[in-house]
Structures are given as C-alpha cells and as structure tokens.
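Sequence lines set the chain letters: A, B, ... in the order given, protein chains first and strands last, and positions in each chain run from 1.
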Protein chains: 4
Amino acid sequence: MLELKEKPAGGNVARDAGTGAEAEWRGRLDTLYARVRGDTEALAAPLSAEDQTVQSMPDASPTKWHRAHTTWFFETFILKPNLPGYQVFDEDFGYVFNSYYEAVGPRHPRPSRGLLSRPGVAAVTDYRAHVDLAMHALIKVRERDVADLVIMGLHHEQQHQELLLTDIKHAFSLSPIDPVYCEHERAPETTTPVAPVNWQPLEAGIHEIGWREGDEAFPFCFDNELPRHEALIRKVAIADRPVSNGEFMAFIEDGGYRRHELWLSEGWATVNRLGWEAPAYWRRDEDGWSVFTLHGRKRVDPNEPVCHVSWFEAAAYAQWAGHRLPSEFEWEFAAACLPAGDALPDGPRPHPERLRPGMRQDVWEWTMSPYSPYPGYRAQDGAIGEYNGKFMINQMVLRGRSCATPAGHDRISYRNFFPTDARWQFSGIRLATDL
Amino acid sequence: MLELKEKPAGGNVARDAGTGAEAEWRGRLDTLYARVRGDTEALAAPLSAEDQTVQSMPDASPTKWHRAHTTWFFETFILKPNLPGYQVFDEDFGYVFNSYYEAVGPRHPRPSRGLLSRPGVAAVTDYRAHVDLAMHALIKVRERDVADLVIMGLHHEQQHQELLLTDIKHAFSLSPIDPVYCEHERAPETTTPVAPVNWQPLEAGIHEIGWREGDEAFPFCFDNELPRHEALIRKVAIADRPVSNGEFMAFIEDGGYRRHELWLSEGWATVNRLGWEAPAYWRRDEDGWSVFTLHGRKRVDPNEPVCHVSWFEAAAYAQWAGHRLPSEFEWEFAAACLPAGDALPDGPRPHPERLRPGMRQDVWEWTMSPYSPYPGYRAQDGAIGEYNGKFMINQMVLRGRSCATPAGHDRISYRNFFPTDARWQFSGIRLATDL
Amino acid sequence: MLELKEKPAGGNVARDAGTGAEAEWRGRLDTLYARVRGDTEALAAPLSAEDQTVQSMPDASPTKWHRAHTTWFFETFILKPNLPGYQVFDEDFGYVFNSYYEAVGPRHPRPSRGLLSRPGVAAVTDYRAHVDLAMHALIKVRERDVADLVIMGLHHEQQHQELLLTDIKHAFSLSPIDPVYCEHERAPETTTPVAPVNWQPLEAGIHEIGWREGDEAFPFCFDNELPRHEALIRKVAIADRPVSNGEFMAFIEDGGYRRHELWLSEGWATVNRLGWEAPAYWRRDEDGWSVFTLHGRKRVDPNEPVCHVSWFEAAAYAQWAGHRLPSEFEWEFAAACLPAGDALPDGPRPHPERLRPGMRQDVWEWTMSPYSPYPGYRAQDGAIGEYNGKFMINQMVLRGRSCATPAGHDRISYRNFFPTDARWQFSGIRLATDL
Amino acid sequence: MLELKEKPAGGNVARDAGTGAEAEWRGRLDTLYARVRGDTEALAAPLSAEDQTVQSMPDASPTKWHRAHTTWFFETFILKPNLPGYQVFDEDFGYVFNSYYEAVGPRHPRPSRGLLSRPGVAAVTDYRAHVDLAMHALIKVRERDVADLVIMGLHHEQQHQELLLTDIKHAFSLSPIDPVYCEHERAPETTTPVAPVNWQPLEAGIHEIGWREGDEAFPFCFDNELPRHEALIRKVAIADRPVSNGEFMAFIEDGGYRRHELWLSEGWATVNRLGWEAPAYWRRDEDGWSVFTLHGRKRVDPNEPVCHVSWFEAAAYAQWAGHRLPSEFEWEFAAACLPAGDALPDGPRPHPERLRPGMRQDVWEWTMSPYSPYPGYRAQDGAIGEYNGKFMINQMVLRGRSCATPAGHDRISYRNFFPTDARWQFSGIRLATDL
C-alpha cells in the first residue's frame with residue numbers, strides 16, 4: 001500500500017489516464033485495487049465468523065458489514081452505472097449494506113447491524129469476489145472518468161479498514177475474557193522516559209489551508225478538504241509530540257477527573273454520567289493501570305501516547321496543563337512547515353508505538369476546531385455528495401492519523417471528525433500555546 | 001426422545017435405581033442423557049456460527065449460549081460436587097454461562113450475551129463433548145441420588161431446546177431477508193374450516209391439583225407443581241380446542257385492536273405503545289395476512305391455532321368473544337378428565353399443525369391465573385432452589401405445551417409462565433365459559 | 001363523616017329512598033354530600049396555590065387536580081345525564097380532568113398534569129361551588145336511582161382524599177427543605193416496646209368472601225368486591241398486628257436489602273436499580289434513621305408500623321422472618337371473625353399511630369394475592385365500568401386501611417391494589433404462618 | 001430601561017465612579033438597579049402563583065425560579081462578599097436557586113425545579129425585597145469596584161427576563177386551553193407583502209471583531225465578546241432583513257421538511273425523531289397555519305419574521321434557498337457598517353413585529369458559527385468565570401436580539417448561543433450569499 005503515498009498512485013493514476021501510456025495506468029490502478037481490497041481481507045483474517053458478526057454499540061459495525069459495505073459502495077456507485085451488463089450479486093444487499101446514503105433508498109437501521117446473522121461471512125466473501133471480478137473487468141475497459149471514482153472507493157475502503165480495527169477492539173473490550181486479536185512481540189518496556197515537549201513556534205500571518213491541486217505527495221483528497229483558502233494564523237507554538245500516558249497519569253493523579261473547573265459544562269456532565277476516571281480501556285487494579293489492547297490486556301506504558309480519550313478529556317487536559325488544543329489550521333500549517341520527525345512504520349497496526357517527535361504520529365489529534373465547511377465548500381452532486389458534508393455539525397476535527405490508518409491514506413490536509421464524547425478511535429492530544 | 005414419555009424414563013429411572021437391576025437403570029439413564037443432549041445439537045445443526053451468535057432482545061439468548069448454558073448446568077450442579085477429580089473445562093465459563101443463579105456468583109449481563117463472539121461455536125462444541133464424557137463416567141459410578149439431578153438437568157435442557165427455537169425465530173424475524181431455519185413440505189392449505197368449538201363442562205367441586213407422587217405417566221416434575229393440594233372448581237365449560245387464526249382474524253376485522261373497552265388498562269397502553277395490530281410475526285400486505293415462520297414467510301392459515309399472542313391479547317379476545325380464559329386449575333382438571341383427543345406428532349417441531357380437538361395442542365395456552373406459589377410451596381435449598389420460585393410475581397401461567405416442546409417434556413401439571421406482554425413463545429388461547 | 005360508618009348512611013340512604021320517609025333520606029344524603037366535599041377542602045386548606053399545582057411523578061397528581069377531577073366525576077356521570085338544564089361549568093374541563101375513562105373521550109396525559117398552571121386553584125374552587133350547587137338541587141328532586149351514583153361519587157372522592165395526602169407527601173419529600181404539611185403535637189417517644197406478635201389461628205374450611213348484600217355495617221361496596229363467593233381457607237395463623245419499624249430495622253441490620261436469597265428476582269432487580277436500602281422516606285444520618293413525614297422530618301419511631309414499603313419489600317421481609325404474607329381471603333376471614341382490637345382514631349390523619357393489636361390499623365397491608373376478578377365478576381356497563389375491572393392485572397391486593405383513609409370509607413371486604421414496586425402509599429406488612 | 005443604552009449607563013456608570021461627581025454615579029446606578037429589578041416584576045405580574053411554579057422541560061425554568069435566581073446572584077456574588085453584616089435571607093436558598101455554578105456548591109437538579117412548590121411566590125417576593133434593600137445600601141457605600149459587578153448582575157437579570165418570557169411561552173403552549181399571557185391590540189393583518197430581500201455586499205478584508213474597549217454606545221460586555229481581534233471577511237452579501245413567515249411557508253409547501261437532501265444528517269434524524277413539520281408552536285388546521293403566541297393562538301402572519309426555528313431548520317432553509325447562513329463575524333461586521341434601518345420599539349415585547357429592513361430585528365438570528373472562544377479568550381477567575389466559557393462546545397452562535405430582549409441589553413458584539421435543536425427562543429433566520 002506504500003505505493004499510494006510514495007509513488008503517488010491514487011489521483012495520479014487518474015491524472016495519467018488521459019495522457020500517457022494507457023496500459024500503464026490501467027495496470028497500476030488494477031494493482032492498487034487488488035492491494036487495498038486484499039488489505040481488508042488480511043485485517044479480517046484473524047477474526048472468526050462469530051467475531052465478524054457482533055456489534056457492540058450503534059456507532060460501531062460488524063467486521064463482515066465493513067467488508068460488505070465497502071463492496072456495496074463499488075457495486076452501487078461504480079459498477080451499476082458504468083459496467084454494462086453487470087449482474088447485481090444480490091438485490092437484498094442494497095438494503096442491508098447501505099450505510100447512510102438517503103438518496104440510494106431505505107436501509108437496515110444502524111443499531112441493528114449486529115442482529116443480522118445472514119448474509120454470513122462466507123456469503124460476504126463471495127460478494128467480494130463477485131464485485132472484484134467485475135471491477136477488474138471495468139478497469140480494463142472504462143475511460144479515466146471512472147478512475148477517480150475507483151480511487152475514491154479505495155480511500156473509502158481504507159477508512160473502513162481503520163474502523164474495522166477500532167470497532168472490533170471495542171467489542172472485544174466488553175468481553176470478560178479479554179480476547180486477543182493478534183499476538184505481538186513487544187520490546188520490554190523502556191525505563192527511559194520520553195523526552196520533554198519542545199514547543200515549535202509558528203510564523204504568524206495569512207497562510208493557505210486545504211488540499212492543494214496538483215500536490216504530488218498527496219494526489220487525492222475528500223471534498224471536505226476543499227477549497228484551499230486563506231486563514232489567519234496567530235502567534236502560537238505547537239508541541240513537537242502528543243501527550244504521553246505518563247503525562248496523562250499525572251493529570252489523573254492530580255484529580256483531573258474530579259475537578260469541575262477543568263471541564264466544559266457538557267464534558268463535566270458526561271464524566272459524571274458515564275463514570276469516567278481514565279481513558280477508555282484503562283482499568284485500575286492492585287498493580288496500577290492496565291489497558292485492553294488488540295494484543296490483549298497489558299500494563300499502561302507511560303511512554304506511549306495517551307489514546308482513546310474524548311475531546312472533552314483532551315480539552316480538560318489542556319486546561320489543566322495551562323495550554324490549549326491547536327486549531328486545525330495551526331495543525332495543518334505546522335505539518336506543512338515543521339520538520340517531519342522520526343518515521344513511524346506504516347499502518348495499519350493494532351497499537352501505537354512509543355512516542356517520538358514529529359507531526360505524523362500513531363494517534364489522531366483532537367483540535368479546537370468544530371467540523372465546519374471551508375469557505376465556498378460545495379458537496380458533490382447526487383448520493384456521493386452525502387459523503388462528508390452532511391456531518392458538518394456538532395463534531396470536532398481531528399488531524400494526523402493513527403496506528404490503524406492504512407499506509408497511503410493520510411495527508412496533512414486530511415480532516416477526521418467525531419463527536420465530543422467519542423473515545424473508541426485511536427484519539428490523542430497535542431498541545432498548543434499562545435505566544 | 002419418545003422414551004421419555006412413552007416408557008416413562010425420567011424419574012422412573014431414578015426410582016428404579018435403588019431397587020432393581022442396577023445395570024439396567026444406569027444404561028437407561030445413559031441412553032436418555034445421550035439422546036436429550038443429541039437433540040439439542042440436532043436443533044442447532046441448521047444454524048451457522050453467525051446464526052448461533054446473535055441475540056435479538058434481552059429476553060432471548062444466542063443458540064450457542066443455550067448450548068453452553070445447559071452444559072454449564074451439568075458441570076456446576078452435578079459434575080463439580082459429585083465427580084471426584086473432574087477438571088473444569090474453562091474457569092471463565094462459569095461467569096459467561098451462568099443465567100441467573102445469584103448463589104453461584106456474578107455473571108455476564110443478560111442483555112449483552114449477543115456481544116460475545118468468543119467462546120465461539122467450536123469451543124462450545126468442545127465444551128459439550130468434555131462435559132458429556134464426564135457425565136457418562138459419572139452415570140457409571142454414582143449412586144441413585146445423583147440420578148434425580150441428572151433427570152432435572154435433562155428437563156432443564158429440554159426447556160432450553162424450546163427457547164432455542166423461539167429465540168432464533170425472533171432473531172430471524174427482524175431480518176429484512178426472511179431467513180429460513182428449515183424448509184418444510186406442507187400439505188396444501190385446506191379449504192375445510194376447522195370444526196366449531198365444543199364446550200366441555202367440568203364437574204364442580206373440590207379437586208386435587210398439582211403433580212401426583214408416583215404418577216407413572218409423568219415421573220418427573222418441577223418444584224412449582226408441588227405440593228398437590230385441593231382447589232375449588234366452579235361450574236364451567238372449557239373449549240375443546242384453542243382459538244384458530246380464522247377466528248382471531250374476525251376479532252381483528254371487528255376492530256379488536258382499536259376498541260379500548262376490550263382491553264385491560266395496561267394492555268391498552270401496551271397496544272398503543274408498541275403499535276400492535278395483529279399477533280407477532282403477522283404482516284398485512286396487499287394479499288391479506290402473511291406470517292413469518294421458521295419455514296420462511298407464508299400466508300396465514302385460518303385453520304392453524306392463533307399463536308404468538310400476549311396474555312393481553314388473549315384476555316381481549318376472550319372479552320370480545322363473551323367468554324373468559326380458564327384458570328390453571330380448571331385447565332389441569334380438564335386435562336385430567338376430558339378425552340385426550342387426536343394425537344399430534346411429537347415435538348419439537350418448528351410450526352404448529354392445523355387444529356384438532358384435544359387438550360394436548362401445538363400452542364401454550366394462557367390462563368387467567370397469576371403465577372403464584374401453591375399453598376405450602378417450598379423452594380429447594382441452595383442455588384438449585386432459584387429455579388422457579390423466585391419468578392413467582394407479575395407473570396401469568398400458561399398450560400399445555402407447544403409444537404416446540406420436546407417429546408417427554410410436557411405433563412398436565414406443568415406450569416409455564418411469562419409476563420403479560422410476551423409474544424415470542426408459541427402462545428395461544430383456549431376459552432372457558434361460566435355455566 | 002362518622003355517619004357513613006356508624007349510622008350506616010351510604011347505601012342505606014339509597015336503600016331507604018324508595019321506601020321510607022322521603023324527606024329524611026334526601027336530607028341525609030344532602031348532609032353527607034356536603035360533609036365529604038367539605039372534607040376534601042379541609043385537606044387542601046394547608047396547601048398553597050403552588051403546592052396544589054406540582055406533580056412529582058406520573059403516578060401522583062396535583063392537589064388541585066384531585067379537587068377538580070372528583071368534581072368532574074359528579075358533573076359527568078351524574079349532573080349531565082340526570083339534571084335537566086344543567087350548564088357545564090367549562091367545556092375544556094372534560095379534557096383536562098378526565099383521569100382514565102376511555103369511553104368519555106380523549107384526555108390530558110397523566111404525566112403532564114403538573115404542567116397545567118391553569119385552570120388555577122381559584123378556578124377549581126369556583127368549579128366545585130358550581131357543581132355543589134347543582135348537586136344539592138339534584139338531590140332535592142331526583143329519584144333514588146341517582147342516590148346510588150351519588151354515594152359512589154362520594155366514595156370515589158374519599159379515595160382521592162387519601163391520594164391527595166400520599167401525593168403531596170411524595171412531592172414534599174423531594175424538596176431539599178423538608179416542607180411541613182401540618183404541625184403535630186406528638187407524645188414523647190415511648191421507651192416501652194410494642195408487645196410481641198400474637199399468632200391468631202383461623203378455622204380451616206370453606207368460607208364466604210366478598211361484600212355481603214344487606215350488610216348493615218358496610219352498606220356500600222365497589223364492584224370488585226363482588227360477587228360474594230366461597231373460598232378455601234387452609235390451616236393458618238395470622239399476626240395480631242402489623243410489623244413495627246423496630247422489627248423492620250432488624251431486617252435492615254441483618255443485611256435484608258443486600259441478601260439476594262430473600263428476594264424474588266424482579267424485586268432484587270428493583271432493589272439494585274433504585275438503590276433501595278430502607279423504606280421510602282427513610283434516611284440514615286449520623287444519629288440513625290430519620291423519616292420524612294407530613295409533619296416534617298423526625299426520628300423513626302420503632303413502635304410505629306413500618307410504612308411505605310413495596311410489595312417486594314413486604315415479601316422479602318416475610319421470607320426473612322420465616323413466615324409469609326396472608327392471602328386476601330385469609331385476611332378478610334380474619335377480619336370477620338377475630339376480635340376488633342383497640343379502636344384507632346378516625347382518619348384521615350397524616351401519620352400512623354403507634355402499634356396496637358387488631359385488624360383495623362393505620363397502614364394498608366400487602367397480601368400475597370394478585371388483584372384478579374372474583375369468580376363471576378362483571379364490570380358495570382358504560383364508562384363507570386372502567387372503575388376497577390380494567391386494572392386487574394400485574395397488581396397486588398392490599399387490605400385494611402391506613403391513617404389517611406377517610407372515616408367511613410374502609411370495610412373488611414375492601415380491595416385496594418397497587419403494583420409491586422409502589423411505595424408512596426401508607427403500605428405496611430402483616431405476617432401469616434402455615435400451621 | 002432605555003438609559004442603559006442611550007445614556008450609556010451600564011459600564012459608564014462604573015467608569016465614572018472613580019473620577020467625577022460621586023453622588024451622581026451612585027444615584028444613576030441606584031436608579032438603574034431599581035429599574036431593571038422592577039422590569040422583572042412587571043414581566044411576572046400577569047402570571048399567577050401557579051403559572052410561576054410550573055416547568056415544562058429541563059431547559060426551561062419556572063418564573064419564580066428566574067425571579068429568585070437573579071436575586072441569589074446579587075446575594076451570592078455581591079452582598080455576601082462585599083456588604084459587611086449582610087444577613088442571608090435563607091440559607092436554603094443557596095441550594096435551591098444556584099443554577100450551575102459548581103464552585104458555589106451543590107444545587108437542586110435543574111429538571112426538578114418545577115417540583116418545588118416552596119419557597120412560594122410570596123416568599124420569593126420577600127426575598128427580592130430583602131436583597132433590594134441591601135443592594136441599595138451597598139450602592140450607597142461601596143467603591144466603584146463593585147459597580148462593575150452590579151452592572152453585570154443587571155445584565156444577568158435581563159437575560160433571565162428574556163428567558164422568563166420564552167419559558168412561560170413554552171409551558172403555556174403545552175396546555176390544551178391556550179392560555180393568554182397578555183391581550184394585545186393588533187393592527188389588522190396587512191395584505192401588502194413585505195418587500196423582497198435586498199442583498200448588501202460587505203467589504204472583504206481583515207476586520208476587527210469583538211467588543212471595543214471604550215465603546216460609548218455599548219459600555220458593557222460579557223467576557224465571551226473578548227478579546228477584540230482580527231478576522232478575515234470574504235466576499236459576501238447579507239440580506240437586509242430576516243426570512244419571513246411567508247417565505248418559510250414556501251419552503252414547507254415545497255416539501256422542505258420531507259426532503260433529506262436539504263438537511264444535515266443530525267438535523268434529518270431530529271426532524272424524523274420529533275416529527276417536525278413546521279416551526280415550533282405552529283399548527284395546521286382546516287384554515288391553514290395558526291400559531292400559539294403569548295397573546296393566544298392566532299393566524300400565522302406571512303409578514304412577520306419566521307421564529308422558533310432550530311439551527312437545523314435555519315440551515316435547511318438556507319440550503320433550499322440556495323444561500324447560506326452568515327458567520328458571526330460577517331454578521332457583526334455588517335451590523336457595524338450597514339445602515340441601521342427602521343427603528344423597532346424597545347423590548348421586551350411578547351411577539352415580533354412585522355418585518356422591516358435592518359440589522360436590529362425582533363428575532364435572534366442563527367449564524368453558521370459554532371460557539372467557540374475568541375483567540376486569547378480567558379474566563380474570569382472564580383465562580384463568576386463559569387458564566388460563559390464553560391458552554392463553548394456543541395452550540396451555535398445567534399446574533400442580534402429579539403422582541404423579548406430588554407432595552408439596553410443588546411449590542412452588535414453580543415453572542416447568544418443555543419444547541420442546534422433548540423426552538424423555544426425567538427430564533428429566526430437571516431441569509432448570506434457568497435459573491
């Protein structure tokens with residue numbers, strides 16, 4: 001999957017299409033399609049039929065649903081309108097595997113996805129094979145206009161790859177028997193603490209924000225990263241790394257979860273209603289804090305980034321620390337102009353690495369920016385336009401990526417978004433401070 | 001399984017134990033154990049791993065949970081205290097598969113059974129094999145005091161066999177694709193309507209009610225059928241068969257679900273809150289009424305007994321018909337003294353047969369009797385005493401059996417019980433009328 | 001109001017009507033009407049307009065609603081059909097003050113009664129005056145057939161007098177400032193403990209139960225006390241007084257609220273869901289138990305009857321004590337044949353007196369009998385038939401009376417009924433024991 | 001109350017304090033205090049004790065609570081710390097009338113304010129008199145540092161004056177009898193339609209936003225209007241008046257509430273969950289649309305501004321109209337530089353006037369700006385700092401004022417804020433359009 005990012009596949013493939021060696025772009029798109037689709041199957045491979053069926057909360061979905069819904073996306077938006085003679089695999093699947101596209105018609109209610117034992121895992125595998133065959137056929141014959149849609153479908157599938165991991169993690173975390181998604185050989189916990197934060201000042205002024213047309217490094221973007229536009233950046237410095245578990249433990253020990261003055265009103269109500277006293281998946285036992293991970297339960301490592309915190313917790317932590325969260329513009333501008341830092345291995349991986357400096361980290365980073373449209377934003381026409389725009393209210397922007405983000409999927413203009421109480425994503429905290 | 005009923009195995013096995021040919025009762029108990037346990041597996045056989053995992057509501061349980069819980073019952077109440085050296089299969093299972101026995105310790109919350117993908121179906125199969133091996137060993141060596149417990153465990157398992165069917169029926173009914181549990185060759189729908197009800201008068205007076213010690217036909221009972229005691233029966237006649245779908249359709253057509261005066265206050269509130277306008281699983285379409293069954297969706301057959309009605313609906317129907325529900329004493333006395341009627345095939349079967357006269361029918365029959373202890377009732381000591389007594393409030397008694405009841409499990413003193421709004425059992429209506 | 005009981009007014013008035021001195025029964029009915037209606041106003045007198053407006057839960061109603069609803073009852077069921085030329089006070093009131101009579105038409109939703117600031121208290125007072133004037137006119141001219149309805153309306157009003165007290169007690173109990181309904185000069189708390197229970201054996205056999213036509217002592221009954229019928233009484237003894245606060249404290253100290261084996265399953269769930277650890281209105285502070293009463297907060301007196309317990313708590317206490325609750329038939333038979341015991345002052349009073357032996361006590365007594373129709377029960381025709389019968393499910397019978405019951409309202413065949421988790425009535429416990 | 005705005009009382013009073021004629025500023029503050037406090041009483045005057053007691057939803061509060069809470073604010077934040085020897089009126093009131101100040105201690109739960117019949121309306125009146133006496137004494141003797149707090153307390157009270165009207169409107173709207181707060185002589189409905197919208201272009205560039213220190217016209221601000229800072233305004237035109245009822249009816253007639261493509265996802269879910277099909281308080285009957293107002297129910301006037309719409313409805317309407325909502329910066333810049341338009345009469349008034357051009361209207365105007373802190377925002381220290389900052393999440397900014405806003409309370413930098421589904425404020429819509 002590195003190709004998507006390093007050899008600028010993605011949009012570049014599409015862009016090459018009309019011009020250069022036709023066989024070449026078709027071949028590259030075909031390979032890319034096979035690779036991304038295969039990655040999904042590799043992520044599902046450790047999961048039994050039963051594992052792939054359960055749904056632990058309305059926000060999460062069963063693994064087999066992720067596998068089928070991404071397939072339905074290709075079938076509905078690409079094959080049906082663009083491949084003459086395409087035979088729909090099963091007419092019922094449109095109802096069962098539509099996520100939220102109102103324009104495509106009614107659909108199975110989201111909170112009830114876990115009640116559907118059928119179609120089973122084997123049928124979903126057949127569905128994927130059926131659609132893959134047709135997609136390879138389509139890639140061989142259709143013109144470049146469809147290539148853009150294929151690339152979008154692949155990025156859509158990559159988003160669901162990340163959700164596949166976070167959703168099964170949530171489901172497993174509710175089990176009394178601490179299931180293991182995959183074993184992991186880990187280096188012994190280091191005793192060297194992570195280096196203190198370095199504050200990196202940003203140059204104040206008007207800067208351009210948003211995806212840049214023709215960007216070689218990031219040849220694709222979603223519509224919510226557009227249009228590129230000017231933003232005012234004030235005098236601010238940004239931390240060179242996210243907050244660590246060790247730092248967050250100090251917040252807990254200092255009564256962070258019991259001091260109302262650190263919290264926004266709705267956050268304080270949430271803390272008390274849900275009984276939060278630590279990040280999600282943490283548990284205090286006689287030996288201190290343990291945490292449930294996709295590798296099973298383990299001790300909390302103070303040198304890993306704090307993770308699975310809600311926006312409310314991120315904001316309270318920042319208040320406690322005497323700083324604040326960065327805006328998404330500050331974050332993007334920092335990512336564009338600050339040194340890259342140590343390279344982390346490509347994802348998706350089931351758990352964050354220990355902290356090192358840099359903007360490209362293993363946890364998504366909450367910003368202080370509500371998820372709003374950029375000035376002049378326009379959603380695409382038709383059902384595909386329901387992709388991003390209709391969620392632009394009552395959510396906050398996260399920037400960066402996480403260990404669970406597939407290689408080639410992230411970019412500095414990428415806008416992730418979740419409600420302020422969501423904790424099941426790999427979400428962490430980076431601080432900023434006014435100068 | 002016929003043996004349980006026809007050759008009075010069950011409790012007889014236990015009773016023979018001390019007296020007669022020892023090898024014989026051990027052999028018969030061993031055979032009986034193997035047969036009942038095998039029946040469970042046969043019922044689960046048409047269900048995939050995914051099917052066995054889902055839970056559609058807190059009152060229902062996943063198939064694999066039924067398979068494991070019944071096994072846990074043998075392990076916990078029989079093997080652990082009675083088989084020296086028995087190795088518990090997995091210590092975690094006690095937490096996962098305890099249903100409601102407070103005395104045995106904490107347990108996984110009932111509404112979350114469907115979130116557990118692990119232990120998986122294969123692990124449950126291994127668990128059953130492990131316990132079966134130990135049970136066969138125990139039956140070979142232990143004295144007759146344990147035989148009673150084994151028999152009780154088998155009746156417990158038969159109860160869960162019936163629930164296995166009703167629970168998967170409920171889950172499948174929520175699917176948009178109408179899954180089929182098993183195909184069924186059905187005779188064409190008859191055009192001959194079922195014969196009108198014959199009213200059978202009962203002899204007024206003081207009659208004995210409850211399980212009779214030494215009853216050859218029904219050698220086992222649960223504690224809630226005891227003690228046998230006197231009851232006053234007044235002048236009443238009882239219908240010779242349950243209410244048919246055709247008769248219930250007349251109630252619907254006559255506005256039965258929209259006429260408050262036919263309903264108890266709480267029933268009327270329930271009808272309006274849940275939007276009931278027909279029995280569960282019925283759907284009105286352009287051709288009239290169809291119904292979801294374990295054989296798939298089909299037309300409602302007017303000659304089958306009405307089924308999947310709540311107590312509220314049974315009471316409203318009786319009010320509409322100008323009669324009433326029988327008391328459980330009237331029902332039991334009628335079953336004891338009236339002619340048996342046509343024999344129905346043994347269960348469990350996935351769907352009721354067409355109606356014929358008799359007290360032993362294919363639907364459980366709601367009575368007007370609240371589920372209360374008999375005079376002098378005492379629960380057994382210890383955890384096993386939590387079996388029946390602790391549910392004796394806010395439920396109504398059903399008598400008889402259903403198509404889903406395993407052969408050998410029902411008897412005329414049997415007391416089934418459910419809350420007044422429950423509809424997912426095979427529950428129907430028989431009328432009585434004061435003389 | 002003594003007249004209702006002592007001089008057998010009530011039904012006797014009605015019975016006399018056709019026969020004897022006409023002026024006399026009219027005069028007595030007129031006086032009785034004035035007295036009962038005046039009693040309601042006296043109970044409301046200590047309550048401000050604000051007090052009369054609040055509703056603390058869906059089961060309770062505002063004082064002014066009780067005052068107006070009882071008035072609406074006379075207007076709707078007596079004046080409109082029977083007094084030619086009667087002018088309805090306000091057409092809107094039918095919607096606002098109908099409680100649950102479906103046959104009379106739609107009505108304001110019960111949980112929202114506390115949102116209605118208008119009609120105000122003064123308008124309700126005018127409404128009562130308007131209807132009273134018309135009622136006195138009607139009593140002067142109509143024949144005896146209406147007298148029965150008037151008597152029923154007065155008993156209906158007396159029921160609401162009791163609810164008026166229990167409902168405002170519940171509302172006041174939620175206030176942080178412990179409002180006082182009325183001050184009370186109380187004798188100092190006695191240090192002499194109440195005498196131990198005496199068990200009174202009942203004669204086994206078939207006995208008649210239900211209101212007896214022509215009973216001079218109790219000339220009126222509700223339809224749920226009919227028909228009088230035979231019941232089997234087994235060998236049992238009944239306690240000569242209810243359980244005291246002191247006895248119930250021993251249950252608490254012995255872990256009664258934390259021992260699952262004492263509770264029915266639904267009761268145990270209720271205890272844990274609602275966090276019960278004592279009767280309603282009790283609070284443990286540094287000095288022991290205090291209790292909120294209509295006289296304000298005071299120490300729990302060990303010699304008063306335990307009060308404001310649910311049926312679940314009554315059943316758990318009986319289990320703990322090694323006895324059981326009486327059936328409603330046992331209770332009625334005991335009340336009919338056992339010595340009356342010390343006379344308590346007539347009600348309504350805001351708080352129970354200390355215990356003394358006898359069946360006529362200051363707390364309603366939970367029985368083990370579900371609220372079911374008597375054999376051959378028939379509700380009255382029309383809207384008035386919605387009075388009792390439609391509630392005959394999922395409730396338990398209480399017998400006796402309470403301090404809040406108006407004089408002349410109780411009788412030994414009286415059947416009160418509430419759901420198993422209700423605690424806001426003056427409900428206590430009397431034990432029975434099998435012999 | 002005009003004085004607050006026209007003669008720059010408010011903050012000017014405070015500013016004068018140290019410098020000029022001491023007697024003068026004290027006298028003016030004293031007069032101002034008396035006037036604002038008297039305005040509250042005038043608003044409550046048409047409401048009975050019962051009216052002042054009810055609470056129709058957790059977001060709203062009883063009238064008497066508003067009257068007492070504003071009084072508690074003066075007592076707690078001004079009198080107790082600043083007036084030696086001040087006697088607290090009632091120690092319990094701190095618990096009962098604290099709204100949300102965590103730092104001041106525990107408080108009565110907000111959704112239960114309507115359960116408190118005591119303290120009654122008369123006690124609240126006494127409380128106000130007690131505090132007013134002390135406040136007048138304090139104003140006579142304390143130095144100017146307290147004047148700022150007094151001014152803030154008065155602005156706080158004015159906010160509650162507006163809520164008093166919106167809250168009682170909501171409560172009355174739930175009544176089946178359409179209560180009237182006050183009668184109103186209205187001119188006959190005009191047949192001349194309101195003039196079409198004029199689009200007023202704004203000058204693009206960097207402009208200053210936020211309250212300006214030393215502003216003579218608006219001598220006071222809340223902390224959320226600070227600090228004044230630069231903002232980028234893009235090329236945009238803004239409508240010269242809000243959307244009218246007539247225009248909104250066209251949206252309804254065009255299926256606006258049934259077309260998912262016009263709504264954000266959460267808005268669409270809200271429409272369907274709550275069954276919205278028109279603004280709050282509208283009802284369609286045989287003659288078209290009527291609306292519940294504080295003057296009673298009347299026909300919807302197409303020339304009034306549409307009102308009681310949520311942010312979701314405002315955004316859907318803008319989508320339908322092909323425009324968008326303005327940002328709060330665009331709104332403030334427009335208000336600063338565009339012509340004032342026709343003067344509307346001062347508030348508070350119970351209902352909006354018909355539309356005329358201008359930025360100072362009779363309905364609050366939803367913007368597309370989430371309620372976030374301005375760059376460099378700092379809340380005040382201590383409990384008073386809980387005033388605004390802790391609500392800065394998941395709410396949207398409204399600008400302008402409404403008919404219910406007291407004279408002297410609004411200013412162009414004022415930031416009102418409510419959640420996206422709130423409809424009980426006088427909230428309307430103004431459009432903007434990109435150029």
Is any side-chain heavy atom of [Y] closer than 4.5 Å to one of [X]?
X	Y	answer
C:Q395	B:E266	no
B:W263	C:K390	no
C:N394	B:L264	no

Inset, instruction - Decide if atom CZ of B:R110 counts as having more than 12 heavy atoms of other residues, nucleotides or ligands within a radius under 6.0 Å. - result: yes
Legend entry - Atom CD of C:E277: over 12 foreign heavy atoms under 6.0 Å: no
Legend entry - Structural part of C:F312 lying under 4.5 Å from a heavy atom of chain B: side chain
Inset, instruction - Pick whichever of B:M368, B:E230, B:R324, B:M392 has the most heavy-atom pairs under 4.5 Å with chain C. - result: B:E230
Legend entry - Contacts of C:A103 that satisfy side chain to side chain contact (heavy atoms under 4.5 Å, CB included) - sequence neighbours left out: B:H260, C:A383, C:E386
Inset, instruction - Go through the atoms of B:E261 and report whether side chain, backbone, both or neither lie under 4.5 Å from a heavy atom of chain C. - result: neither
Inset, instruction - Heavy-atom distances under 4.5 Å only: say whether B:A379 touches chain C with side chain, backbone, both or neither. - result: neither
Inset, instruction - Hey, could you give me the CD1/CG distance between C:I206 and B:L232, rounded to the nearest 0.5 Å? - result: 4.5 Å
